[in-house]
Amino acid sequence: VQYLGIILVFHVKDRLGEPGNRHGWLWHGGAFYGMSGLLGYALFGVLPFGLAASGFGMVESTLLTVAAINIHHFVVDAYIWRFSGGDRNRRIAEAA
């Protein structure tokens, strides 16, 4: 959940800065969390059954899903916390 909060700040700031933006921070934040909820349901609620239908057992399907999400978390974690001096993400985080 903490990463969703951090990424939410970046997402809302990026969307509010786009030319032609017609929505406020609440709209962009709600859309972000809505899509995150749908993605979470798809990953944890649907994907294991899809893997099981393709021949894996349900335990193996669940473990494959958790392993893939942990690898993704590792990559995202490295990206989020690797700030250089002039990095745009560092400026956003410091301003927030």
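Keep in mind it's a predicted model, so treat the numbers as computed, not measured.
Separation of atoms CE (Met35) and CG (Leu38) is listed at 6.0 Å; rounding is to 0.5 Å.
Taking Ile, Leu, Val, Met, Phe, Trp and Tyr as members and joining any whose side-chain heavy atoms lie under 4.5 Å apart, directly or through other members, the hydrophobic cluster of Phe56 also contains Leu39, Leu43, Phe44, Leu47, Leu51, Leu64, Ile69. Residues Val59 make up the rest of the hydrophobic cluster containing Leu63, defined by ILVMFWY side-chain heavy atoms closer than 4.5 Å, directly or through other members.
A donor-acceptor pair is defined here as one N or O able to donate and one able to accept, closer than 3.5 Å; no such pair exists between the side chain of Ser61 and the backbone of Phe49.
Closest approach of Thr62 to Pro48, counting heavy atoms only: OG1-CB, 4.2 Å. For Leu16 against Trp25, the heavy-atom pair with the smallest separation is CD2-N, 3.9 Å.
No side-chain heavy atom of Val12 sits under 4.5 Å from any side-chain heavy atom of Arg15.
Under a hydrophobic-cluster definition in which Ile, Leu, Val, Met, Phe, Trp and Tyr are linked whenever side-chain heavy atoms come within less than 4.5 Å, directly or via other members, Ile7 and Ile71 are assigned to different clusters.
With sequence neighbours left out, the side-chain contact (heavy atoms from CB on, under 4.5 Å) criterion links His23 to Asn21, Trp27, His28.
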